[in-house]
**Q** 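Sharing a structure with you now.
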Amino acid sequence: MFWKKKDKDEAPAPKGKDKEKAEARREEPRREEPRRQEPQRGQPAPSAAATSGSKGPGASVDAALSARRGPKGAPLSPEVVAAQTRAADTLANAGDSVDRAAARDIAAGDIDKGFEALQTAAQAAGQRGADRWRVLGALAFSVDAPRAKYAYEHLFNFQPRQFWDGIYLARLRGIGQQLDAANEAATTALDAAANDAERGLARCELGLIAIAANDGPGALAHAEAAIALGKASGTPRDAVIRHVLLGDAALMTNEHGKARAAFAEALDGAKRLGASAPTDSTLARGVCEVLEKCAAAAASGKDHEAAQKFVEEALSIRRRLGNALPPADAKRGVAQTLNLKGELRRAANDAAGAKAAFEEGLGLVRQISEANPRDPAAQRDHWGVLWRMAGTTGTGVEWRQVVSTMERMQSAGALDQDGRRYLDEAKRRAAA
């Protein structure tokens with residue numbers, strides 16, 4: 001949940017069943033988006049126009065990579081898409097026979113073979129291999145994040161270090177929760193920045209890393225610096241991202257008024273972006289995400305009426321997006337907003353409203369999980385809603401039902417390591 005937990009002096013320590021309910025809420029699994037839909041650490045996804053691909057010599061390479069994007073890749077951003085396009089054109093236009101062969105293999109769909117050839121050639125080139133490592137990193141970024149990280153780790157050893165190499169390495173390290181190392185890479189990018197636009201982007205990256213590291217004051221300082229730098233050099237999308245970052249940081253430091261003001265600014269910008277391209281479903285989803293931030297910030301300040309309005313607006317947009325998205329994506333988006341609505345209703349002591357929201361969301365995620373019985377992400381959505389319902393009075397869901405559902409998923413091989421940890425906790429609560 002986004003809103004802050006009670007400090008110890010705000011309420012007496014719960015006992016007995018009340019203690020169990022409180023623990024259930026504290027230990028709830030975080031709401032998650034699939035990588036293709038949720039940009040790294042809270043950044044809005046690129047617009048559809050940003051993913052149109054190369055029109056140059058690398059068009060077939062770019063198209064093959066775009067078709068291969070999936071869970072092994074790192075999250076997209078407009079900069080990542082542009083870097084892939086440039087790398088595809090560079091590879092297809094290269095004079096070296098190894099590069100030309102790699103381009104042909106990738107375009108034909110034998111992407112791993114092409115990547116292996118580029119990696120072998122880069123390693124053999126030693127200190128002269130920086131450009132080939134950079135091409136490999138850009139091509140692999142949204143397709144094979146471990147390989148992209150391997151490439152950018154090599155680039156990090158070359159001097160002088162370059163701005164974008166540091167940014168991309170920071171993002172790739174962040175995926176693996178190597179937060180100190182990610183911070184090092186982003187700081188290097190800040191040092192290498194050539195102008196305010198690059199300094200603002202590096203500050204934003206550092207702020208996102210600070211959020212992941214639960215460093216509220218650090219995130220706040222970086223967000224404010226990024227916003228100041230972006231006033232003359234940033235884009236409207238940058239402004240939305242940075243105000244969302246400021247709002248998240250302000251919530252972490254319990255500055256609720258500042259958080260609501262930052263999210264309101266972000267929402268205004270997101271709606272303007274959405275209005276500029278009304279058929280762009282990605283921008284519409286971005287508006288939903290900011291509305292949900294606004295709802296959570298309002299709830300943190302006990303303004304439950306405003307929180308309800310924000311989440312209902314987000315839910316309305318999610319439902320309208322149904323025809324523009326694949327069925328599973330549309331259902332998942334609606335279910336996640338319903339899940340937040342249930343949390344907000346619970347925070348407002350509206351047990352009936354929480355139950356209704358959770359039950360509708362459960363119906364949607366159950367459909368997705370039944371259609372994808374071996375998909376851990378789909379199964380996580382399913383048991384995640386049940387977990388929240390079991391921790392909410394009056395929903396009719398008991399911990400033994402959560403255990404039973406999760407054990408079936410485990411038998412099907414669809415429970416990841418994190419899920420198995422939660423299963424052990426659910427068993428403990430069922431036994432109690």
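Just so it is clear, the structure is predicted and the values come from calculations on it, not from any experiment.
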**Q** How about Lys427 and Glu407: do any of their side-chain heavy atoms sit closer than 4.5 Å?
**A**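 Result yes, sub-4.5 Å side-chain heavy-atom pair found.
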**Q** Less than 4.0 Å between a side-chain N and a carboxylate O, is that true for Arg199 and Asp196?
**A** yes
**Q** Might you confirm whether atom CG of Asn323 has over 12 heavy atoms from other residues, nucleotides or ligands at distances under 6.0 Å?
**A**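 No.
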**Q** Charged N to carboxylate O below 4.0 Å: is that the case for Lys149 and Glu153?
**A** yes
**Q** Identify whether the distance between the nearest side-chain nitrogen and carboxylate oxygen of Glu359 and Arg366 falls below 4.0 Å.
**A** no
**Q** Out of Leu220, Leu206, Asp248, Leu251, which residue meets the side chain to side chain contact (heavy atoms under 4.5 Å, CB included) rule with Ile211?
**A**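 Going through the options one by one, the only one that passes is Asp248.
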**Q** Does Phe156 have Arg161 sitting over its ring (NZ/CZ under 6.0 Å from centre, angle to axis within 45°)?
**A**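 Yes, a cation-pi geometry.
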**Q** Which residue is it: Val385, Val311, Leu364? I am looking for the one with a side chain to side chain contact (heavy atoms under 4.5 Å, CB included) to Leu338.
**A** Leu364
**Q** Do the charged groups of Arg68 and Asp112 touch, with an N to O distance under 4.0 Å?
**A** yes
**Q** Between Glu360 and Arg319, does any side-chain N to carboxylate O distance fall below 4.0 Å?
**A**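 Yes, this pair counts.
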**Q** Do NZ/NE/NH1/NH2 and the carboxylate oxygens of Arg428 and Glu425 come within less than 4.0 Å?
**A**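 Counted as a salt bridge, because a side-chain N and a carboxylate O are separated by less than 4.0 Å.
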**Q** Tell me whether Gln379 contacts the main-chain N or O of Asp416 through its side chain, where contact means a donor paired with an acceptor under 3.5 Å.
**A**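 Looks like no, no N/O pair under 3.5 Å.
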**Q** Testing the 3.5 Å rule here: is there a donor-acceptor pair between the side chains of Ser276 and Arg272?
**A** no
**Q** Looking at Arg147 and Glu116, is there a salt bridge between them, counting it only when a charged N and a carboxylate O are closer than 4.0 Å?
**A**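 Yes, this pair counts.
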**Q** Quick test of your reading of the model: are Asp424 and Arg421 salt-bridged, counting only N-O distances below 4.0 Å?
**A** no
**Q** Looking at Arg132 and Asp96, is any side-chain nitrogen of the basic one under 4.0 Å from a carboxylate oxygen of the acidic one?
**A** yes
**Q** Does CG in Asp180 sit with more than 12 non-hydrogen atoms of other residues, nucleotides or ligands closer than 6.0 Å?
**A**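 Counting neighbours around CG of Asp180, 12 or fewer heavy atoms of other residues, nucleotides or ligands fall under 6.0 Å, so no.
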**Q** Do Arg173 and Glu184 meet the salt-bridge criterion of a basic N to acidic O distance under 4.0 Å?
**A**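 Yes, this pair counts.
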**Q** Are Arg380 and Asp375 close enough for a salt bridge, meaning some N to O gap below 4.0 Å?
**A** no
**Q** Flag the pair Glu224 and Lys258 as a salt bridge only when some basic side-chain nitrogen lies within less than 4.0 angstrom of an acidic carboxylate oxygen.
**A** yes
**Q** Can we say Glu292 and Arg318 salt-bridge, meaning some charged N sits less than 4.0 Å from an Asp/Glu carboxylate O?
**A** yes
